[in-house]
There are 2 protein chains.
Amino acid sequence: MGKIYTPATAAVGVEEVLRLLEGRWKLIILFHLFGGQVQRYSDFEKLIPGISQKMLAQQLRQLEADGIVSRKLYPQVPPKVEYRLTEWGQALCPALDAMLKWAEKRESLLSAHDGDATQESS
Amino acid sequence: MGKIYTPATAAVGVEEVLRLLEGRWKLIILFHLFGGQVQRYSDFEKLIPGISQKMLAQQLRQLEADGIVSRKLYPQVPPKVEYRLTEWGQALCPALDAMLKWAEKRESLLSAHDGDATQESS
DNA sequence: CAGTATCCCGCTTGATACTG
DNA sequence: CAGTATCAAGCGGGATACTG
């Protein structure tokens with residue numbers, strides 16, 4: 001049973017989703033967690049070349065605050081922290097797949113009818 | 001026939017899609033074009049309160065350059081311009097729907113098991 | 001190990017004015 | 001009607017250094 005959307009509310013709804021996914025490093029982080037993978041802070045530093053500690057921490061905090069990633073702290077010295085997707089975070093897959101499918105569709109549509117110039121802008 | 005994705009390439013693929021959709025006004029513009037709607041430049045100015053002429057033109061140019069929106073110019077005085085979705089642009093709907101579905105899923109997952117505190121961060 | 005704290009820069013956005 | 005041009009502000013992100 002889906003909600004009812006007007007042009008304005010639907011745009012707002014999608015914008016809220018995009019805000020959760022925006023951020024230079026969030027998608028790379030997420031794709032390293034899909035499939036039930038569990039990563040530690042230092043794992044991400046190795047898996048994602050170029051990311052700074054500041055950005056890694058910031059993006060993880062935001063994903064956690066948004067309920068997409070869960071953080072599990074083992075209170076020991078030295079500290080150990082594990083990151084994994086929440087159930088909702090895992091449910092993101094179909095939406096991302098749909099985007100990839102849409103991107104793939106581009107080429108097939110362009111090649112399907114490539115000679116259809118109907119007075120486009122110069 | 002879907003492509004094959006690694007964590008890195010899938011992230012890049014989704015990022016490319018997000019880049020097409022990012023921009024303060026693009027989604028509002030798109031939702032005013034879904035369903036075969038056709039709009040003129042001045043229509044958007046009325047439909048989208050608060051948008052400046054600069055931003056409207058810029059977002060439309062980008063959507064056009066990305067192949068999502070098509071621009072049809074009638075060479076007359078005063079000029080008349082119509083905007084509509086390309087076939088590929090219309091094909092965006094399922095992807096946006098998937099995002100909205102995911103957002104809706106959040107509440108159902110939260111209410112389903114709301115007492116599952118497994119040592120989250122303080 | 002797993003972070004915080006500062007400083008700084010570029011890019012997007014907004015405000016305003018002008019035009020074929 | 002349908003734009004373009006210019007200038008300034010705000011925010012995300014990068015570099016670097018420090019800490020329980």
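Just so it is clear, the values below take in all heavy atoms, side chains as well, and ignore hydrogens, waters and symmetry mates. Lettering follows sequence order; numbering is per chain, from 1. Quick caveat, the model's predicted, so the values are computed rather than measured.
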- Query: At what distance, to the nearest 0.5 angstrom, does CZ of B/Arg106 lie from CD of A/Glu16?
  - Reply: 9.0 Å
- Query: Atom CE of B/Met55 and atom CD1 of B/Ile48: how far apart are they, to the nearest 0.5 Å?
  - Reply: 11.0 Å
- Query: For B/Asp43 and D/dC1, what is the distance between atoms CG and P respectively, to the nearest whole Å?
  - Reply: 10 Å
- Over how many whole Å does the gap from A/Ile28 atom CD1 to D/dG13 atom P extend? 12 Å
- Note on the structure: Applying the 3.5 Å cut-off to both distances, the Watson-Crick or G-U partner of C/dG20 turns out to be D/dC1
- Query: Out of D/dA2, D/dT4, C/dG3, which nucleotide sits closest to the side chain of B/Ser42?
  - Reply: D/dA2
- Query: Which of residues 17-27 of chain A sit near DNA chain C, with a heavy atom under 4.0 Å from it?
  - Reply: none
- Nearest 0.5 Å please: distance from the CG atom of B/Leu63 over to the CD atom of B/Gln58. 10.5 Å
- Take A/Lys46 and A/Gln58, find for each the nucleotide of DNA chain C with the closest heavy atom, and name the residue whose nucleotide sits nearer the 5' end. A/Lys46
- Message: Considering every strand and a 4.0 Å limit on heavy-atom distances, what is the contact class for A/Tyr74: base, sugar-phosphate, or nothing?
- Response: nothing
- Backbone N or O of A/Ser70 within a donor-acceptor pair of the A/Thr86 side chain at under 3.5 Å? no
- Query: Can you tell me how far CD of A/Glu45 sits from CG of A/Leu56, rounded to the nearest 0.5 angstrom?
  - Reply: 6.0 Å
- Under the 3.5 angstrom rule, does the side chain of B/Lys26 hit a backbone N or O of B/Glu22 as a donor-acceptor pair? yes
- Message: Restricting to side chain to side chain contact (heavy atoms under 4.5 Å, CB included), what partner residues turn up for A/Gln37, sequence neighbours left out?
- Response: A/Gln39
- Task: Going 5' to 3' through nucleotides 15-20 of chain D, assign each nucleotide B (protein heavy atom under 4.0 Å from a base atom), S (under 4.0 Å only from sugar-phosphate atoms) or - (no protein heavy atom that close).
- Result: B-B--B
- Message: Is any side-chain heavy atom of A/Trp102 closer than 4.5 Å to one of B/Trp88?
- Response: yes
- Message: With a 4.0 Å limit, can you tell me whether A/Arg71 has a side-chain N or O closer than that to the phosphate oxygens OP1/OP2 of C/dA2?
- Response: no
- Value in whole Å for how far the P atom of D/dC1 lies from CD of B/Glu45: 9 Å
- Task: Mind checking B/Tyr83 for me? I need base, sugar-phosphate or nothing, with any heavy atom below 4.0 Å counting as a touch.
- Result: sugar-phosphate
- Could you check how far CG of B/Leu56 sits from C1' of D/dT4, rounded to whole Å? 13 Å
- Check the distance between C/dG3's C1' and A/Ile29's CD1 and give it to me in whole angstrom. 14 Å
- Task: Look at all strands and tell whether B/Gln59 reaches a base, only sugar-phosphate, or nothing, counting heavy atoms closer than 4.0 Å.
- Result: sugar-phosphate
- Nearest-Å distance for atom pair NZ/C1', residues A/Lys80 and C/dG3: 17 Å
- Item | Distance, rounded to the nearest Å, where A/Met55 contributes CE and C/dC9 contributes C1' | 14 Å
- Going by atom types only, do A/Glu82 and A/Tyr41 share a side-chain donor-acceptor pair under 3.5 Å? no
- Item | Nearest-Å distance for atom pair CD/P, residues B/Gln39 and D/dC1 | 15 Å
- Within 6.0 Å of NZ in B/Lys80, more than 12 heavy atoms from elsewhere: yes
